[in-house]
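To keep things clear, I will list the structure first and then write my remarks on it.
As the structure is a computational prediction, the values presented were derived from the model and not from experiment. Below, all heavy atoms of this structure are taken into account, side chains as well, without hydrogens, waters or symmetry copies.
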Amino acid sequence: MSTSSSDRNRAAKVGFREIDASPAGLAALERFYRERYVAEFPDPDERESLDNMRRYLALKAQGWYGDNNYHIVVAEIGGEAVGGVVFDYLAMPRAGVIEFLFVVSDWRESGIGRALLDEAIRLLRRDARRRGARLAAVVAEMNDPFRHPATPDNMDPFRRAAVWGRWGFGVLEFPYVQPALSAGQQPVDGLLLIMRPFGRVPQSGFRSHWVELVVAEYLRWAMRIEDPAADRDFLAMADALASRPRVALVPLGRYAGQEPTDGLLIETVPSPDRPPDGIATAMAIARAAIPVPGRVAAAQEFVAAFAVGDSGAAHYHLWLLRAAADAPAEGMASFFTLPTAGFGGYLVLAGSLRGRGLLRPVLARMEARMRQDGTSAEGWFIECGTESVAVFRHVGFVEVSCDYRPPAVGGWAPGGAPERLHLLFKPFGMRRAPDRLDRDFVCRALREILRHVYAVGDPVTASCYRRVLRTLADGTRRGIER
């Protein structure tokens, strides 16, 4: 069904029904679950069962939740369910947790999602007041837009991130895993824990032990894991949190590479001749910043890179970076998205762009672009000289321990031999230890880099590839230096 403009105008008349354990409430829950909920949660490992929801409502009626609380709220228009939200109040951290919130596709962008969130916050604040407290924050899970979910998402994850970002949520920057919801389900590691705080946001981030308490109480009361300390996924999260005193809250738009950055304008060079001096400008910026002979490609190699995307298996991007629309280009980025992994050729922030904290936002924009290219890539490689290794390690790259000497570019090699560079890797999105960087993955990605980036016809016989093959450590993660 399609929603007409007159129907959308009726969205202002949305009503909310809180489901309870009465026969009428349970009947409404079953209709809502079968007609709406299942379709909105295609991944069975993320989906709560109808029997569990019934049981939780019964426990609530019996007073089992104590100072905590559990809510199921359905949004209705003309008696028809058009969305819903399930959420809990956690008394110890004074936080709400949204187990799910959705609006059916025909009613999205009508304001119903925000109205559901506002209703949930109203009830959570009431829960807190009844216990003489103030609501500190609301947290929720979200599919990480930089990860490939096991089951296809029912909504563009970057679009979802934009919506929740507008609602005031940010990403808690630690590796979050949803433990298995039952014996027949699996943990879900492609999620973010997002949060909207109420009150001042500490510049240094939130205390790690408070975040750990939120997660522990979430597992105990919303996922019904009686002893979180006995759950291996919780223990891994607790270890990660114990390694830092504070947890940063990163705005969702910034995390997903969607937030406009003051003083930075990205201009895409769409083809070798548009703008007419696009490649020449990018080359000049790169050579001024990287004066080492053999490090910067020649003009014909930049031109050839644009042909990479013609096959559909790979994509090439060339950006010019400016402080404003009428300012000269002072930075550039050149990168590829390949079937196995992305590859960063050059990234330069010079002149007025330098020293302004723009590296992370530009990297996020690059990673979002690579993820949206639609290959199976979930991370990317870069190559750099010793002088840049520390900078890139600081933003989440790890070094692959091998003798890496790529083919010379620009038609010249120092001393007639390929220069030894550092090969680094970073998963897209949140900084976390790579979980699939084994020998076969590195070699497969390197073959694609040599073929598509360096135009090597037979990568397996190339000296660069054979040298890496000899020196790369065997086994998952053993070829990584941290």
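- Taking the six-membered ring for Trp and the full ring otherwise, the centers of Phe100 and Phe87 sit at least 6.0 Å from each other.
- The aromatic rings of Phe381 and Phe425 lie tilted to each other, with the angle between the two planes from 30° to 60°.
- Partners of Glu119 according to the salt bridge (charged side-chain N to carboxylate O under 4.0 Å, His left out) rule, which considers only residues two or more places apart in sequence or in another chain, are Arg122.
- Checked against a 6.0 Å centroid threshold, the rings of Trp380 and Phe336 do not count as neighbours.
- Remark: side-chain polar atoms of Tyr37 are paired, donor with acceptor, to backbone N or O of Glu48 under 3.5 angstrom.
- Applying the side-chain contact (heavy atoms from CB on, under 4.5 Å) test to Arg244 and every residue at least two apart in sequence or in another chain returns Phe174, Pro175, Ser208, Ala240, Val247.
- In this structure, Arg196 contributes its side chain and Ala137 its backbone to no donor-acceptor pair below 3.5 Å.
- For the atom pair Met283 CE and Asp277 CG, the distance stands at 12.5 Å (nearest 0.5 Å).
- Of the residues Val456, Leu446, Ile449, the one that meets the side chain to side chain contact (heavy atoms under 4.5 Å, CB included) test with Tyr465 is Leu446.
- Salt bridge status for Arg470 with Asp403: absent, with no side-chain N to carboxylate O gap under 4.0 Å.
- For the side-chain hydrogen bond (donor to acceptor under 3.5 Å, both in side chains) condition, the pairs that include at least one residue of residues 345-363, sequence neighbours left out, are Glu330-Ser352.
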#### Entry: Test log, rule ring-ring contact (aromatic ring centres under 6.0 Å, His included), inputs Tyr218 and Phe234
CA-CA 11 Å; Tyr218 183 11; Phe234 173 76; over 10 Å; no
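- A donor-acceptor pair under 3.5 Å links the side-chain atoms of Thr375 to the main chain of Ala377, judged by distance alone.
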